[in-house]
K.L.:
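Shown below is the structure under consideration.
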Amino acid sequence: MHLTHLALRNFRNYADAELTLGPGLTVFRGANAQGKSNLLEAVAMLALTKSTRAEQERDVVRFASLADTPYTRVSGTAERRDGGAVEVQIDMALGPGDSREKLVFQKRLRVDGVPRAAGQAVGAIAAVLFSADDLDIITGSPANRRRYLDVLLSQADRGYLRALQGYQRVITQRNQLLRRIREGLARTPELDYWDGELCRLGAQVTGWRRDAVAALAPASAGAYAAMAPDDGAFEAAYAPSIDHDGSAEEVSAHAIALLAERREREVQMAQSLVGPHRDDLLLSVGGLDVGQFGSRGQVRTAALSLRLAEAAYLRTALGEEPVLLLDDVLSELDGQRRQHVLEAACRAEQSLVTVVEGEDPPGLHEAVATYTVEAGMLRREG
Ligand code: ATP
Ligand code: MG
């Protein structure tokens, strides 16, 4: 799919911006702090229904609007392969009873004008964001790698997001119960119901992640080898907390046994110690953990490989090409790596690429449109 129209009102440093887009490669060029990343963040937000960059959701509301009428609107229209169009609109505004001092924004999503819950709107527009923060997937904590899988799977399958959200609610409730048991306010048999739910939903989440990693592993290894042919082989392997092969029922039964083993310790710590919230994704080059031992270049290549594999995964899962969003990633790359990423960007149905003024990487002559970004304003150059 490709975006045909994008509109931002009071989003970050954009007061009011509108853009008509076509397939192919579009370049956004500008000095630092002008709004290049903000623009791609807005597109990623349309795809995921939330920002992956903002610490708090309200951070995206343009500061200058806070004194007047605080609200944000992002909307985008994309054309699908069958020629049909989909419009996603995100509104954030103060709810009726909210005081301005607290600034709690209510978010409303619409798909084709119809109000939707986040779970129904995610992935209506499909996108993959490449950014400098991606290095955290490799060098950060397991939570970063789980988020990588969650973001990808949520866009690919709404059933996954439903299972994941259900699972997360179970963990919250179960941890509260463990605390009450520790304090003598509840009894251990009360855990049985939550154990069942943890295992049922946990087995679903585990199964989805296992299948995803099975598809991502060869794709990311291929991308890595193309970018760094002289390096060792890149491997992505799923390390599930509930490590058991078999049907969802068998995995679930295995999890029940694990929980029984850890029950005492769980009560002591008031924490659920078994389940996909403890999963990891092991990433290695030539048999060595990249996050721990990889060079800067290897870490960067590994991160790019995972994003390229994500795009391929979504293409297969959705039967649609995701929009590629490359936030300032080309200029840091050299030789084969840049060539490979650039080729992927040119081959994709649509790529939106940001570059810092003066750091223009070669190879962007294939751009179908170029914009200058300056202080939250977009100017078409060619
Ligand atoms: P760089 O080349 O350094 O990556 P950039 O063009 O990508 O720069 P952005 O990250 O898009 O820059 O935007 C940076 C500017 O947006 C910052 O100056 C920041 O202060 C501003 N900004 C961030 N959030 C808001 C907000 N809610 N309201 C107004 N301005 C904001
Ligand atoms: Mg930026």
Side-chain angles (χ1 to χ4, degrees), residues 3 6-19 21 25-76 90-94 98 100-108 127-137 300 303-304 307 323-333 338 341-342 345 351-362 364 367 369-381:
L3 285 166
L6 183 68
L8 312 180
R9 309 258 184 278
N10 287 334
F11 182 87
R12 297 276 192 193
N13 67 335
Y14 291 89
D16 193 348
E18 231 174 312
L19 206 55
L21 293 156
L25 192 127
T26 299
V27 173
F28 298 92
R29 183 178 283 119
N32 293 130
Q34 301 305 308
K36 301 183 298 298
S37 297
N38 293 346
L39 183 74
L40 298 198
E41 178 188 21
V43 177
M45 197 166 153
L46 287 173
L48 301 173
T49 73
K50 61 182 180 204
S51 167
T52 51
R53 192 178 178 219
E55 230 158 77
Q56 290 177 303
E57 197 117 67
R58 62 163 192 250
D59 289 352
V60 304
V61 180
R62 186 170 161 258
F63 300 141
S65 78
L66 296 180
D68 180 20
T69 322
Y71 83 97
T72 289
R73 170 173 290 179
V74 181
S75 59
I90 302 176
D91 283 297
M92 286 173 56
L94 292 177
D98 294 333
R100 231 162 228 233
E101 285 63 44
K102 277 201 293 150
L103 287 183
V104 183
F105 287 90
Q106 291 191 353
K107 188 166 73 176
R108 290 196 183 77
V128 177
L129 175 63
F130 295 64
S131 85
D133 296 339
D134 292 350
L135 303 188
D136 293 346
I137 301 173
R300 194 165 281 154
L304 287 170
R307 289 299 184 208
V323 178
L324 298 194
L325 309 170
L326 272 59
D327 192 11
D328 199 14
V329 291
L330 290 172
S331 58
E332 293 174 2
L333 302 176
R338 182 194 296 135
V341 176
L342 204 55
S351 307
L352 310 182
V353 177
T354 71
V355 296
V356 178
E357 209 158 59
E359 290 179 17
D360 274 36
L364 290 179
T370 303
Y371 288 85
T372 296
V373 184
E374 200 180 342
M377 281 184 287
L378 298 164
R379 196 171 60 241
R380 175 101 190 230
E381 299 293 348

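Note that ligands are numbered from 1 as they come in the structure, with each ligand's atoms numbered from 1 the same way.
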K.L.:
Output yes when the distance from some N or O of ligand 1 to some N or O of Asp327 is under 3.5 Å, and no in every other case.
P.N.:
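Between Asp327 and ligand 1 (N or O atoms, distance only) the closest approach is not under 3.5 Å.
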K.L.:
Scan Arg108, Arg73, Lys107 and name whichever one has a salt bridge (Lys or Arg N to Asp or Glu O under 4.0 Å) with Asp91.
P.N.:
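Going through Arg108, Arg73, Lys107 one by one, the salt bridge (Lys or Arg N to Asp or Glu O under 4.0 Å) with Asp91 is satisfied by Arg73 alone.
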K.L.:
Among all protein non-hydrogen atoms, which one is nearest to atom 29 (C) of ligand 1, and what is the separation to 0.1 Å?
P.N.:
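Closest protein heavy atom to atom 29 (C) of ligand 1: Arg12 O, 3.2 Å.
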K.L.:
Within the 3.5 Å criterion, strictly below it, is a donor on Thr72 or Asn10 matched to an acceptor on the partner's side chain?
P.N.:
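Asn10 and Thr72 do not have a side-chain donor-acceptor pair below 3.5 Å.
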K.L.:
Using a 3.5 Å cut-off on N or O atoms only, is Leu39 in polar contact with ligand 1?
P.N.:
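No, there is no polar N/O contact under 3.5 Å.
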K.L.:
Run through the protein N/O/S atoms less than 2.8 Å from the Mg ion (ligand 2) and write them out by chain and number.
P.N.:
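Within the sphere that stays under 2.8 Å of the Mg ion (ligand 2), the protein atoms of type N, O or S are Ser37 OG.
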K.L.:
Can you tell which part of Glu374 has a heavy atom less than 4.0 Å from ligand 1: side chain, backbone, both or neither?
P.N.:
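For Glu374, no heavy atom sits under 4.0 Å from ligand 1.
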K.L.:
Please determine, by modelled atom types, if Thr370 and Glu381 share a side-chain donor-acceptor pair under 3.5 angstrom.
P.N.:
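Side-chain D/A pair, Thr370 to Glu381: absent.
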K.L.:
Scan the protein's non-hydrogen atoms and note whether one is under 4.0 Å from atom 20 (O) of ligand 1.
P.N.:
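Looking at atom 20 (O) of ligand 1, one finds that no protein heavy atom lies closer than 4.0 Å.
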K.L.:
Just checking, any donor-acceptor pair under 3.5 angstrom between side chains of Asp327 and Ser37?
P.N.:
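Side-chain D/A pair, Asp327 to Ser37: present.
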K.L.:
For atom 14 (C) of ligand 1, what is the nearest protein heavy atom, given as residue, atom name and distance?
P.N.:
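Answer for atom 14 (C) of ligand 1: Ala33 CA, 3.7 Å.
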K.L.:
Where does Val356 meet ligand 1, judged by heavy-atom distances below 4.0 Å: at the side chain, the backbone, both, or neither?
P.N.:
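The part of Val356 near ligand 1 is the side chain, not the backbone.
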K.L.:
Where on Val373 is there a heavy atom closer than 4.0 Å to ligand 1, on the side chain, on the backbone, on both, or on neither?
P.N.:
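It is neither; nothing of Val373 touches ligand 1.
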K.L.:
Please write down residue, atom name and distance for the protein heavy atom closest to atom 10 (O) of ligand 1.
P.N.:
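In this structure, atom 10 (O) of ligand 1 has Arg53 NH2, 2.7 Å as its nearest protein heavy atom.
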K.L.:
Is it the case that the side chain of Arg307 and the backbone of Leu129 share a donor-acceptor pair, with hydrogens and angles ignored and the cut-off at 3.5 Å?
P.N.:
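Indeed, once roles are kept as given, a pair shorter than 3.5 Å links the two residues.
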K.L.:
Which ligand 1 atoms does Gln34 reach within 4.0 Å, using its non-hydrogen atoms?
P.N.:
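So the answer, numbered in order with elements, is 5 (P), 6 (O), 12 (O).
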K.L.:
I'd like to know if the side chain of Ser351 and the backbone of Ala345 have a donor-acceptor N/O pair within less than 3.5 Å.
P.N.:
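A pair under 3.5 Å: yes.
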K.L.:
I'd like to know if the side chain of Lys36 reaches the main chain of Arg29, judged simply by a donor and an acceptor atom lying under 3.5 Å from each other, with no hydrogens or angles considered.
P.N.:
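No: the side chain of Lys36 does not pair with the backbone of Arg29.
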K.L.:
Considering only the protein, which heavy-atom contact is closest to atom 3 (O) of ligand 1, and what is its distance?
P.N.:
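It is Asn32 ND2, 3.1 Å.
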